[in-house]
*Asks:* 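My questions all concern the structure below.
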Amino acid sequence: MGYHEPIAFKPYRFLILIFFICLTFVFGSCNQTTTGQDNNKNKDSIINSKAPQAKPKPVDPPESYVKSVMEEAEYIALINITSADSINQGIKVFNGKVLKSFKGKLKAGDLVSYFTINEMKHNGIHNDTLAVFLQRETEPEIIKGKNIYFNAVDNSSFEYTRFIDSLLTNK
């Protein structure tokens with residue numbers, strides 16, 4: 001056999017090898033469970049995926065924006081949304097019952113349908129209460145065979161918060 005040069009010790013290769021061995025042990029130990037531990041896994045968890053998730057607190061829009069939309073709207077109402085239908089390209093039709101009217105001729109108890117451009121995934125039955133800023137169309141939009149006379153001003157509707165209430169009730 002031929003003569004081989006002795007293998008030179010290269011410390012950086014040795015350190016890289018040790019690093020990857022340590023990573024293997026760290027990640028390997030993170031997911032170790034035995035059959036007895038599986039049943040208790042979620043009991044000790046801080047976040048339990050089966051627990052109901054808290055609804056995020058709504059972020060209030062800027063006061064100047066709300067006031068500009070208030071001036072532009074013919075109707076302002078607090079509406080309990082009962083259903084929503086997606087049409088196409090973000091156009092949605094919301095149906096609901098007026099709970100309180102702040103501006104215009106709508107009265108509590110009136111049923112309202114309005115359309116808006118909304119990227120949120122609203123489909124089916126809902127129970128959201130929204131402050132909605134509406135304009136009435138002179139000619140109805142025919143959407144899925146239904147005459148829709150109202151549209152949301154600047155596509156604005158907000159979750160009803162104390163902030164929105166204070167702006168709508170202070171005239």
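Given the structure is predicted, the values throughout are model-derived calculations rather than measurements.
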*Asks:* Using every non-hydrogen atom in the two residues, find where K105 and Y75 come nearest and quote the distance to one decimal.
*Replies:*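 Minimum heavy-atom contact is N-CE2, 3.4 Å.
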*Asks:* Please name the pair of heavy atoms, one in P140 and one in N147, separated by the smallest distance, quoted to 0.1 Å.
*Replies:* CB-CB, 3.8 Å
*Asks:* Can you classify the ring geometry of F94 versus Y114 as parallel (below 30°), tilted (30 to 60°) or perpendicular (above 60°)?
*Replies:* parallel
*Asks:* What are the two closest non-hydrogen atoms of Q135 and E72, and how far apart are they?
*Replies:* NE2-O, 3.6 Å
*Asks:* For E141 and N151, what are the C-alpha separation, side-chain angles and deciding distance, and is it a side-chain hydrogen bond (donor to acceptor under 3.5 Å, both in side chains)?
*Replies:* CA-CA 9 Å; E141 292 287 329; N151 72 341; over 6 Å; no
*Asks:* Is any side-chain heavy atom of V93 less than 4.5 Å from a side-chain heavy atom of T116?
*Replies:*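 Counting from C-beta outward, V93 and T116 never come under 4.5 Å.
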*Asks:* Would you check if the side chain of K103 reaches a backbone N or O of M70 as a donor-acceptor pair within less than 3.5 Å?
*Replies:* yes
*Asks:* Between atom CZ of R136 and atom CZ of F150, what is the distance when rounded to the nearest 0.5 Å?
*Replies:*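 Here the rounded value is 5.0 Å.
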*Asks:* Any chance you could lay out the side-chain contact (heavy atoms from CB on, under 4.5 Å) test for L130 and E159, step after step, and finish with the verdict?
*Replies:* CA-CA 5 Å; L130 301 175; E159 285 191 45; 4.2 Å; yes
*Asks:* Go through the side-chain N and O atoms of S113 and N95 and say whether any donor and acceptor fall under 3.5 Å apart.
*Replies:*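 There is such a pair (donor and acceptor under 3.5 Å, judged by atom type) between the side chains of S113 and N95.
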*Asks:* Please report the interatomic distance CD1(I148) to CD1(I91), rounded to the nearest 0.5 Å.
*Replies:* 12.0 Å
*Asks:* What is the distance from atom CD of E63 to atom OG of S166, rounded to the nearest 0.5 Å?
*Replies:* 7.5 Å
*Asks:* Could E71 and K67 be called an ion pair, given the rule that one side-chain N must be under 4.0 Å from one carboxylate O?
*Replies:*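 Here E71 does not pair with K67 in a salt bridge, since their nearest N and O are not under 4.0 Å apart.
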*Asks:* Treating S101 as the side-chain partner and L106 as the backbone partner, does any N or O pair qualify as donor plus acceptor under 3.5 Å?
*Replies:*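 A pair under 3.5 Å: yes.
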*Asks:* Is there side-chain contact between I76 and L168, with heavy atoms separated by less than 4.5 Å?
*Replies:*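 A side-chain contact exists here, since the closest heavy-atom pair is under 4.5 Å.
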*Asks:* Would you sort out whether E139 and Y149 count as a side-chain contact (heavy atoms from CB on, under 4.5 Å), showing the intermediate values?
*Replies:* CA-CA 7 Å; E139 295 291 321; Y149 284 94; over 6 Å; no
*Asks:* Would you check if V69 and P61 make a side-chain contact, meaning some heavy-atom pair closer than 4.5 Å?
*Replies:* no
*Asks:* Distance from L167 atom CG to Y65 atom OH, nearest 0.5 Å?
*Replies:* 13.0 Å
*Asks:* Using a 4.5 Å cut-off on heavy atoms from C-beta on, say whether the side chain of F158 contacts that of F133.
*Replies:*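 With C-beta onward as the side chain, the pair touches.
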*Asks:* Any chance you could measure T129, atom OG1, to L78, atom CG, to the nearest 0.5 Å?
*Replies:*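 Between T129 OG1 and L78 CG, I get 6.0 Å after rounding to 0.5 Å.
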